[in-house]
2 protein chains.
Amino acid sequence: MSTRGELTREKILDAAKDLVMSKGFAGTSIDDVLKQTSVTKGAFFHHFKGKADLARQLVERYALNDLNMFKTMAADAEAATSDPLAQMLHFLKAFEKYICNSQDPSPGCMYAVYTYESMQFDASVRDFIADTLRQWTSIYVRKYQEVIDAYPPKLEVTARQLAELTVAIVEGGLILQRAYGDTSVTCRQSEQLRNYLFLLFGEPKSK
Amino acid sequence: MSTRGELTREKILDAAKDLVMSKGFAGTSIDDVLKQTSVTKGAFFHHFKGKADLARQLVERYALNDLNMFKTMAADAEAATSDPLAQMLHFLKAFEKYICNSQDPSPGCMYAVYTYESMQFDASVRDFIADTLRQWTSIYVRKYQEVIDAYPPKLEVTARQLAELTVAIVEGGLILQRAYGDTSVTCRQSEQLRNYLFLLFGEPKSK
DNA sequence: TTGAACAGACCGACTAGTTGGTATGTTTGC
DNA sequence: GCAAACATACCAACTAGTCGGTCTGTTCAA
């Protein structure tokens, strides 16, 4: 699988990810990527049809990695306990651990980058982002529905509201984290979400 | 105050804001702004030293408007009631009304744009964003501290945590809102925050 | 075993258009 | 008349993208 060509393609995508994350997509030129990777123009255009193709491949790879990590964490939580609320809390704690232990000083979300430069990209890329984000929330929706079914909430809430809130808190946390240069912000937001869930649903019955 | 020159300067900033919000800063060229405004290059460089200066003036004006609106809403809430919790809820509802009634299909936060293209800008602009965001949260911190002092929270929380959560929920909500093209997302997030505050502090004693 | 045929990976000079920015002149309102 | 406000022509650097060619490894028939 990791032929020579595949290796350079990955190298390009890795560098592009870092550059896009710090300067945005429009702010990153192909020459920037080439300089960073010592890859030549010919090689670049051998692997990518153009800059738009780079954009697409970049976000598609990101989404794949992202959903994989997400699903691994979810499976982890499901293996640890059968109680939906305990699973959710387990998942959130795992996420907090991951974010806090990341040595990246200014991490961020690729979807957010693309969303705030949305008009740069053609509709299919925008749709892909929206779909991925929807897919992401819909997994949360299912989980939260199980929680709501098992634990009558103290206030009327829908699974969708909680799912969107979960995603929004992470996205918002990452922005503050980047702006402040404080790596612990997103963690603290996630803790607050757990607080909210505790107040809504109480303690999980079984550990 | 609104001399002829001031008018074109405002016209440029207005157009630049729209463009930057939809394509990002690096994705917006000076020529784009000129085309949109029918202003000539000479006029542009008469009012702005360069693109970096446009960036600074843009975000400074945004911060000014933003903080003004924020303070107006806060003063409104303080005029309506003297109870800190009731003030906070009043403020959040006013904010929700403002966001929901905005006809802008894909609004967003200029700070978020700049934060995700941060390496485009020099350190002073980045610091300005961080300072403004800090100023924003610190007003929340003071308010939440009053709430905590008056209403013993059901869980141990700091005013800072709640303040950051408030900002994060809005920032995250705006991203989802843009990505989905759904104008009601941020509102719903804010409602969830009010839910959390209700569970933490209960009903305000006085309306 | 060898060498012709082929294919994927890569090179880097080149181009047409765009970029931010400047230099110089003209208009406008007081 | 004078300064702020604006217009126009221009430039050098950079941009994405092209294109003819090379290098390296594999396949396969003789």
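Side chains included, hydrogens not; waters and symmetry mates left out as well; all remaining heavy atoms used. Keep in mind it's a predicted model, so treat the numbers as computed, not measured. Order of the sequence lines fixes the chain letters, A, B, ..., with proteins taken first and strands second; residue numbering starts at 1 for each chain.
Between the side chain of A:Lys41 and the base of D:dG17, at least one donor-acceptor pair of N or O atoms lies under 3.5 Å.
The shortest side-chain heavy-atom distance between B:Ile175 and A:Tyr116 falls under the 4.5 Å cut-off. Here the side chains of B:Met73 and B:Phe70 are not in contact, with every heavy-atom distance at 4.5 Å or above.
When heavy atoms are screened at a 4.0 angstrom cut-off, B:Thr40 is found touching base atoms of the nucleic acid.
Remark: P of D:dG17 and NZ of A:Lys51 are 8 Å apart, rounded to the nearest angstrom. Atom-to-atom, NE2 of A:His46 to C1' of D:dT22 comes out at 14 Å; the value is rounded to the nearest Å. Going from atom CD1 of A:Ile30 over to atom P of C:dT18 covers 16 Å, rounded to whole Å. Regarding B:Leu7, its CG atom lies at a distance of 15 Å from the C1' atom of C:dT28, rounded to whole Å. Here the P atom of nucleotide C:dG20 and the CG atom of B:Leu54 are 10 Å apart, to the nearest Å. B:Leu34 has its CG atom 14 Å from the P atom of C:dT18, to the nearest Å. The distance between atom NZ of A:Lys23 and atom P of D:dT15, rounded to the nearest whole Å, is 8 Å. Put simply, CZ on A:Phe44 is 17 Å from C1' on D:dC19, counting in whole angstrom units.
Note on A:His47: a side-chain N or O is less than 4.0 Å away from OP1 or OP2 of C:dC10. Between B:Thr8 and the phosphate of D:dC6, there is a side-chain N or O to OP1/OP2 separation shorter than 4.0 Å.
If you check the side chains of A:Asp53 and A:Gln57, you find a donor sitting under 3.5 Å from an acceptor. Side-chain atoms of B:Ser184 and B:Arg188 include a donor-acceptor pair closer than 3.5 Å. Side chains of A:Thr81 and A:Gln87: no donor on one and acceptor on the other come within 3.5 Å.
Comparing D:dC6, D:dA16, C:dC10 by their closest approach to the side chain of B:Ala43 singles out D:dC6.
A residue-by-residue look at A:Asp32 and A:Gly42 shows that A:Asp32 has its nearest nucleotide of DNA chain D further toward the 5' end.
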